[in-house]
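Note on naming: letters A, B, ... go to the chains in the order of the sequence lines (proteins, then strands), and numbering restarts at 1 for each one. Since the structure is predicted, the reported quantities are computational estimates derived from the model, not experimental observations. Below, each value reflects all heavy atoms present in this structure, side chains not excepted, and no hydrogens, waters or symmetry copies.
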Amino acid sequence: MSRFFTTGSDSESESSLSGEELVTKPVGGNYGKQPLLLSEDEEDTKRVVRSAKDKRFEELTNLIRTIRNAMKIRDVTKCLEEFELLGKAYGKAKSIVDKEGVPRFYIRILADLEDYLNELWEDKEGKKKMNKNNAKALSTLRQKIRKYNRDFESHITNYKQNPEQSADEDAEKNEEDSEGSSDEDEDDEGVSASTFLKKKSEAPSSESRKFLKKMEDEDEDSEDSEDDEDWDTGSTSSDSDSEEEEGKQTVLASRFLKKAPTTEEDKKAAEKKREDKAKKKHDRKSKRLDEEEEDNEGGEWERVRGGVPLVKKPKMFAKGTEITHAVVIKKLNEILQARGKKGTDRAAQIELLQLLVQIASENNLGEGVIVKIKFNIIASLYDYNPNLATYMKPEMWQKCLDCINELMDILFANPNIFVGENILEESENLQNADQPLRVRGCILTLVERMDEEFTKIMQNTDPHSQEYVEHLKDEAQVCTIIERVQRYLEEKGTTDEICRIYLRRILHTYYKFDYKAHQRQLTPPEGSSKSEQDQAENEGEDSAVLMERLCKYIYAKDRTDRIRTCAILCHIYHHALHSRWYQARDLMLMSHLQDNIQHADPPVQILYNRTMVQLGICAFRQGLTKDAHNALLDIQSSGRAKELLGQGLLLRSLQERNQEQEKVERRRQVPFHLHINLELLECVYLVSAMLLEIPYMAAHESDARRRMISKQFHHQLRVGERQPLLGPPESMREHVVAASKAMKMGDWKTCHSFIINEKMNGKVWDLFPEADKVRSMLVRKIQEESLRTYLFTYSSVYDSISMETLSDMFELDLPTVHSIISKMIINEELMASLDQPTQTVVMHRTEPTAQQNLALQLAEKLGSLVENNERVFDHKQGTYGGYFRDQKDGYRKNEGYMRRGGYRQQQSQTAY
Amino acid sequence: MASRKEGTGSAATSSSSTTGAAGKGKGKAGSGDSAVKQVQIDGLVVLKIIKHYQEEGQGTEVVQGVLLGLVVEDRLEITNCFPFPQHTEDDADFDEVQYQMEMMRSLRHVNIDHLHVGWYQSTYYGSFVTRALLDSQFSYQHAIEESVVLIYDPIKTAQGSLSLKAYRLTPKLMEVCKEKDFSPEALKKGNITFEHMFEEVPIVIKNSHLINVLMWELEKKSAVADKHELLSLASSHLGKTLQLLMDRVDEMSQDIVKYNTYMRNTSKQQQQKHQYQQRRQQENMQRQSRGEPPLPEEDLSKLFKPHQPPARMDSLLIAGQINTYCQNIKEFTAQNLGKLFMAQALQEYNS
């Protein structure tokens, strides 16, 4: 339309500039294509015929427009690029230029650009602030333009001497075309309003401005055009210094006076408006100086962040483009190409993709495309964080979850979509509805990644904050997603994939205590089996059954060792957690994991440690102290339980490892909700050690070479002994130590009160699912072991003791006492016999007293001394050894006999 | 406290009354040519030593002090003593000699015998045969020929019988110590065994007649019931001694092992030396037959450096210590057996 009126002068450029500003500006410099593409779109529809000259000049003006834009946002790099293009375009247009003379607008941009560059060059401050690329571009561009301008020197000086002339010309030419330009303006406005949802609010203001302008146009064309143009220069060239501006204004004023073709009134009105405008302009200018460009009155300018910025609200497709699969896919690829590049705004990319999905769904492009884009959205969500250590922001996480959910919805709704990693880009089928849709992408990988992200979020949240609880609520969502994927893969996936997703499911199940199943177990099965079944159906699968099913599948089908190992460990853990000790133990023994776990990778080892600990705790709950002790010994004796279970880093080794290692270790940490209570663990260990060690110590008190069952327990005892002043126990350890001391004396009641009381209940025992059962087990154990200890310690002072007394003392029933004592007698721990009729234990004095023990030890030592001495003697008599050696052997035998004899003698002696 | 002092008193009286017997009984240890045949101790000195330990010593810590007195013929009379202050680590610059001189000078001013005649030391379960005691007694005896060391055993004393013994180094040991050569050969030459290291000098405790009279009177007043402790077996004592004995036996074993290695090494070396010599001889013979000059003689001791023989003094001391322990145990068990028989007899008599 406007092209009809254009005469090839720069008026065209000016007008389109003024109109275009509003639209292209936000698009910014990056998408070099976009402004071109945009204008082309317009022209395709509107233009009919153009001369070669028009075409060339069109090209030039477009480029100039871009340069001006770039100048405005101080994007020198862009300027450089465009300038080079401009040079080429000018070269193409050479023939026309030769005919017509150098176009004014061309000279003008050259002059302006040079001025602009010089100004930038002088501005040292600004240069410093400039990023490296820009600074480099600035110096190259400056040199280039100097060189280039030498050819046009005469023109430029000419222009500089009387810029008004050219402006005048422009203005005159503009007059004719003002009508059209305003039209175009409106047109552009329409486009921008439709595409830029966000800009809508700002639109009215620009519209009103337009409106004003239009009025002016109608009022007095010449004036307006001038004004318009002036306004343009003012607003666009932010760099033009005020002096220049001043000069221009005066020129304008004089020109205005000179011209004055209209009536006085009109003039007055125009003057008024001008004043207004000047004011506005001033405002705008000051604002710009304040660097608040982004929210200008007109709202045209968006301050661009980053090096290669993506536009915040990008224009996806030009208006009227028919949105087809090909276009969308092309666009998608275009967006994806920016992925991973330095300086790409990842957030914006995600937004872009989401917009694309919207467009795709609005245009009914079919599920294939949507699935494809969704895959990419999730991938870029994962990409959002530049390094491994940082975790997703909550919004991102939420978005990610939603996105996966939507994706799953689509996949479930459309069973004809095939998704797979190994589908090549080329063989994808996104549109052809007749054939099954094929999309590249792997839902399993996405879900696994999501699970990892979840773990990361949990790792990085303070476990004692409300935030953690909030995050933990997402766990249910994660589980449902995994479940859905599982269902999906069960239908479509390969066994490998099923194994993997099963493992995910297992990893989310194994550590949870199934309260429902527990409750069900507790309620006596008096109700009919039918109702129970109903109940079971209502509440879903028992986690035990679920685990069984999943694990069995993995055992049978898995081909990678790691998944099977993990599954076994989780399975054992789950068994142990639910007090199925024998299943757990058998599984552990059958798997032979103990033999080769040290070759596994650290996370698996951590899992193994967790499993062992859980196994030990399970054994303890069953009252199998020995098994409990053995299971916990490895973890607990190292003193690094925290580290071994992946529940925290040890501070002392912080210096030993470097930053990198620490990061790796940090990533291995188990999230807090999976933690095994360390105090509980230690308490269980210490109590089982106590139950084993105290009777043992009592039995072997006088044994010179007695070994320790548990070093750690002894350590605790020693620490307790070292205390100069013993207060009432405070910590769990002190409780156990105090209890051990009481037990040593056979005082089970005190021992009991130390082990089971309010404090210990709160700290330890209440953490068990069946706390009361455990407590009653513990009491019984304490009674039994105290009885044993008592018998060991004090059997020497009794000749006989009635079992009834013992059963009263330890509040055990008679048969139990009987069985314990019988066991001790059979194991030759207690030298006694049971007298059935009187129900008494008759002690046999056989164990040596303290002195006798000492004497025995002394005798042993003397024996070795004699032996050593003989060796010395041997040396002396070495040459004639035979005779003495014989004698010596005889002596030795004799000595052995004497030793035994001595022992007997002493025995008889102490029988007093 | 009261009973102990009384016990001490009674012991003192009994020993003073049986001076002759004690002198004869223990006389055989102090056989022969020693300068001192008898030690006569004032009751005051005994009490002072006991008091010193009571106030300062505890557990395994020992207290030490200086004995003052004079020599009359072959009898050493100890008439007074003063304690050494306990050593602590923070007053390392404490000058013992100056303290002694000062003390003695001050005592002379109050007309107390100021001749330095030895020193005393408390002991823990009779473990006094140590290197430190040997060294200091040697220096005493080296400076003042008549000096003795009094060993006071507070634990035995607490059980009812005063245990105070005077020891001197035998002249043989003095000689060896003077040489400062404790190699096996030297000891062999000196003919020293653990029995001949220390000689015990009989002790006589002498009180003034007035005190004796007082004692008699006190004894008459005290009831027999206070002496029931006499029947106590005090078995912990035996255990402790056994333990200590065992430790010493261990040390002895180690020492013997060390000696054994030495012996083996030397004999091996001897063999090598022998072989070397033989080879050399053969070679020389061959050379001679070929008419060549014989190989020059080399210093064998350079080729085969003799091993450092382990000092035997320690093992001697350990043996001596073991001996003391054994004596203690023997004494103790003998006493206890007596007590047991007595108790049995009493029981039978009662029932």
Side-chain angles (χ1 to χ4, degrees), chain A residues 700-706 721 724 793 796-797 799 845 847-882 884-885 888 891-892 895 898-899 901-912, chain B residues 184-185 188 231 233-271 274 307 309-310 312 315 318-319 322 325-326 329 332-334 336-345 347-348:
Chain A
H700 298 264
E701 196 172 23
S702 49
D703 203 340
R705 281 192 295 269
R706 70 151 188 264
E721 273 164 23
T793 318
S796 56
V797 298
D799 266 336
R845 313 245 131 249
E847 59 270 33
T849 61
Q851 265 88 20
Q852 283 169 337
N853 265 319
L854 280 174
L856 283 172
Q857 284 172 33
L858 179 62
E860 227 166 86
K861 283 189 174 157
L862 284 175
S864 67
L865 176 66
V866 168
E867 236 164 74
N868 282 331
N869 219 0
E870 269 169 33
R871 250 178 243 151
V872 176
F873 195 65
D874 258 4
H875 272 291
K876 271 192 178 159
Q877 311 289 335
T879 35
Y880 8 77
F884 281 97
R885 197 152 285 151
K888 197 188 73 185
Y891 172 61
R892 238 186 223 158
E895 184 212 24
M898 289 227 310
R899 209 185 292 169
Y903 172 42
R904 275 199 202 125
Q905 251 175 5
Q906 269 182 334
Q907 264 185 5
S908 59
Q909 186 197 335
T910 45
Y912 287 98
Chain B
E185 282 76 29
K188 209 163 143 193
L231 278 181
L233 290 179
S235 50
S236 72
H237 186 142
L238 181 62
K240 254 311 191 280
T241 320
L242 275 174
Q243 212 119 45
L244 287 165
L245 178 57
M246 250 161 19
D247 292 348
R248 287 298 95 71
V249 169
D250 274 348
E251 274 174 37
M252 192 62 160
S253 277
Q254 281 167 15
D255 207 74
I256 285 178
V257 168
K258 232 186 271 169
Y259 189 67
N260 219 344
T261 358
Y262 161 71
M263 292 279 279
R264 216 172 22 238
N265 285 343
T266 30
S267 72
K268 215 183 277 173
Q269 201 177 42
Q270 205 68 40
Q271 241 171 356
H274 199 68
H307 292 274
R312 299 302 292 152
S315 63
I318 294 169
I322 289 175
Y325 284 141
C326 289
I329 291 169
F332 182 79
T333 43
N336 276 3
L337 272 179
K339 281 176 193 172
L340 285 169
F341 279 123
M342 209 145 72
Q344 200 180 18
Q347 233 169 6
E348 273 167 19

key: B:Leu242 side, atom CG; A:Gln852 side, atom CD - distance, nearest 0.5 Å   = 11.5 Å
remark   = Heavy-atom nearest pair, B:Asn260 first then A:Asn868, reads ND2-O, 3.7 Å
request  = Find the distance between CD (A:Gln857) and CD (B:Gln243) and round it off to the nearest 0.5 Å.
outcome  = 7.5 Å
ask   = Out of curiosity, A:Leu858 CG to B:Thr241 OG1, how far, rounded to the nearest 0.5 Å?
value = 11.5 Å
task = With sequence neighbours left out, write down each residue that passes ring-ring contact (aromatic ring centres under 6.0 Å, His included) with B:Tyr325, or none if nothing qualifies.
result = none
query = If you round to the nearest 0.5 Å, how far is CG of A:Asn869 from CE of B:Met252?
reply = 7.0 Å
query = For residues 253-271 of chain B, which residue pairs qualify under salt bridge (Lys or Arg N to Asp or Glu O under 4.0 Å), counting only residues two or more places apart or in two chains?
reply = B:Asp255-B:Arg312
remark   = d(A:Leu854 CG, B:Leu238 CG) to nearest 0.5 Å is 8.0 Å
